[in-house]
Peer 1: 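After the structure tokens below, expect a handful of questions from me.
Positions are given from 1 along the sequence.
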Amino acid sequence: MPVVKYPRAVDPLWHEWDEKAQKCGLRHTIYAVNGDRYTGEWLDNLKHGKGTQIWKHTGAIYSGDWKFGKRDGYGSYSIPDPVTKEYKKVYTGWWKNDKKCGYGTMFYPSGECYEGEWSGGLRSGWGRMCYRDGSIYEGQWLAGQPGGQGMLCLSNDNRYEGGWKDGKKHGPGRFFYLDKGQLLEGIWVADIPKCGIMIDFCQDEAPAPTQYPIPKIELADPDAVLAEAQAMFDDSQN
């Protein structure tokens, strides 16, 4: 007897996971057609509540809060090490609409680390970044880069305190050359000091102080200068 094949009806979108996904508020393990796996709570056929997602292609894991199918709330994201296969945390903190938002800690593959505020998946607000070369920036961030007021402490303990824009020193600021025992206070534009004053600063404690101190700028004859200015003023009034 010949086998009759009936055309397959088009399944609703949720059926690509599992019929159990229809049940609201219950905890289930659901497999996607691409091998991804989610174990957790559901609402209206969407991941909602507490749950853990594993992406088969990358092996990455997210465990935490979900809201209507997106990471939203507190959770951690980890990936396996390509050599040891052990899981390493990439980000732990708050999420909103599937993006990092709020306070959280990010661990970069280079060994660098950021702890602070996020907005729309970018570092934004107050934060502290530890760089691979040993330097540390602590201050305000905007769109993923230092922006506003902040301090950069270099690995040799020299530091800059002042304004930032687009990740560069910008505006009024002070650079402490603690290795030389000097201080530059002035105005920066795109990482370049445009004007300012350099003074000696804690030369006795500096590991490599300059050989000659910076001379003080003084008028040779202040009384004569004042008298000349007064005479010019008197002439302008006549």
Side-chain angles (χ1 to χ4, degrees), residues 91 93 100 102-238:
Y91 175 79
K100 294 181 283 291
Y103 197 89
T105 302
M106 179 83 174
F107 301 94
Y108 296 87
S110 60
E112 298 177 338
C113 175
Y114 171 82
E115 180 181 2
E117 297 175 307
W118 298 77
S119 180
L122 298 174
R123 295 167 291 187
S124 186
W126 178 93
R128 175 186 174 94
M129 182 78 182
C130 298
Y131 295 96
R132 189 176 183 180
D133 61 3
S135 59
I136 298 174
Y137 171 82
E138 185 170 357
Q140 295 176 306
W141 293 75
L142 181 64
Q145 300 188 84
Q149 294 294 310
M151 179 183 72
L152 175 66
C153 184
L154 303 178
S155 57
N156 61 359
D157 291 332
N158 290 347
R159 70 177 187 268
Y160 168 82
E161 299 175 357
W164 294 79
K165 183 179 180 182
D166 298 330
K168 298 180 180 180
K169 295 181 282 291
H170 193 90
R174 299 185 297 173
F175 199 105
F176 295 85
Y177 296 91
L178 299 181
D179 57 339
K180 298 179 181 179
Q182 293 181 326
L183 166 64
L184 172 62
E185 186 169 4
I187 305 294
W188 272 256
V189 175
D191 255 356
I192 300 175
K194 293 296 184 177
C195 64
I197 180 172
M198 179 81 80
I199 62 174
D200 289 328
F201 179 81
C202 297
Q203 288 252 318
D204 295 338
E205 302 176 7
T210 55
Q211 184 177 359
Y212 302 104
I214 298 176
K216 294 183 179 180
I217 300 176
E218 297 178 342
L219 293 173
D221 191 351
D223 292 336
V225 172
L226 181 60
E228 182 180 355
Q230 184 65 49
M232 293 177 63
F233 176 78
D234 294 341
D235 291 340
S236 65
Q237 300 301 310
N238 296 330

Peer 1: Give the intermediate values and the outcome of side chain to side chain contact (heavy atoms under 4.5 Å, CB included) for residues Leu178 and Arg159.
Peer 2: CA-CA 8 Å; Leu178 299 181; Arg159 70 177 187 268; 3.6 Å; yes
Peer 1: Is there side-chain contact between Tyr91 and Met106, with heavy atoms separated by less than 4.5 Å?
Peer 2: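 The answer is yes; the side chains approach within 4.5 Å.
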Peer 1: Set out, in order, the CA-CA distance, both residues' side-chain angles and the distance that settles side chain to side chain contact (heavy atoms under 4.5 Å, CB included) for Tyr137 and Trp164, then state yes or no.
Peer 2: CA-CA 11 Å; Tyr137 171 82; Trp164 294 79; 3.6 Å; yes
Peer 1: State, with a plain yes or no, whether a side-chain heavy atom of Arg174 is found less than 4.5 Å away from one of Leu184.
Peer 2: no
Peer 1: Does the pair Asp179 and Asn158 meet the rule for a side chain to side chain contact (heavy atoms under 4.5 Å, CB included), with working shown?
Peer 2: CA-CA 7 Å; Asp179 57 339; Asn158 290 347; 3.1 Å; yes
Peer 1: What's the separation between atom CD in Gln145 and atom CD in Gln140, rounded to the nearest 0.5 Å?
Peer 2: 14.5 Å
Peer 1: Does Tyr177 reach the side chain of Leu183, with side-chain heavy atoms less than 4.5 Å apart?
Peer 2: no
Peer 1: Would you kindly check if the NZ (Lys) or CZ (Arg) of Arg123 is within the cone defined by 45 degrees around the ring axis of Tyr114 and under 6.0 Å from the six-membered ring centre?
Peer 2: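 Flagged: Arg123 positioned over aromatic ring of Tyr114.
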Peer 1: Are the side chains of Ser155 and Asp133 in contact, using a 4.5 Å heavy-atom criterion?
Peer 2: no
Peer 1: Please find the pair of heavy atoms, one from Tyr160 and one from His170, that lie closest to each other, and give the distance.
Peer 2: OH-N, 4.1 Å
Peer 1: Whether Arg128 and Glu115 form a salt bridge (side-chain N of Lys/Arg under 4.0 Å from carboxylate O of Asp/Glu) is what I want to check.
Peer 2: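 Salt bridge flag = no for Arg128 with Glu115.
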Peer 1: Could you tell me the separation between the NZ atom of Lys100 and the OG atom of Ser119, rounded to the nearest 0.5 Å?
Peer 2: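 If we round to the nearest 0.5 Å, Lys100:NZ and Ser119:OG are 12.0 Å apart.
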Peer 1: How close do Gly144 and Leu122 get, counting heavy atoms only, and between which atoms?
Peer 2: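 Reported closest heavy-atom pair: N-CB, 3.9 Å.
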Peer 1: Do the non-hydrogen side-chain atoms of Cys113 and Tyr108 ever get within less than 4.5 Å of each other?
Peer 2: no
Peer 1: May I ask you to test the Trp141-Trp118 pair for a side-chain heavy-atom distance under 4.5 Å?
Peer 2: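 No, too far: nothing below the 4.5 Å cut-off.
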Peer 1: Verify side chain to side chain contact (heavy atoms under 4.5 Å, CB included) between Phe176 and Glu161, making sure each step is shown before the conclusion.
Peer 2: CA-CA 8 Å; Phe176 295 85; Glu161 299 175 357; 3.8 Å; yes
Peer 1: Please table the atom pairs, donor to acceptor, closer than 3.5 Å between any side-chain atom in residues 189-201 and protein atoms at least two apart or in another chain.
Peer 2:
unit_1 : atom_1 : unit_2 : atom_2 : d
Asp191 : OD1    : Lys169 : N      : 2.9
Asp191 : OD1    : Lys169 : NZ     : 3.2
Asp200 : OD1    : Gln203 : NE2    : 3.3
Asp200 : OD2    : Ile214 : N      : 2.9

Peer 1: Any non-hydrogen side-chain atom of Leu154 less than 4.5 Å from a side-chain atom of Phe175?
Peer 2: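 Side chain of Leu154 against side chain of Phe175, heavy atoms only: contact under 4.5 Å found.
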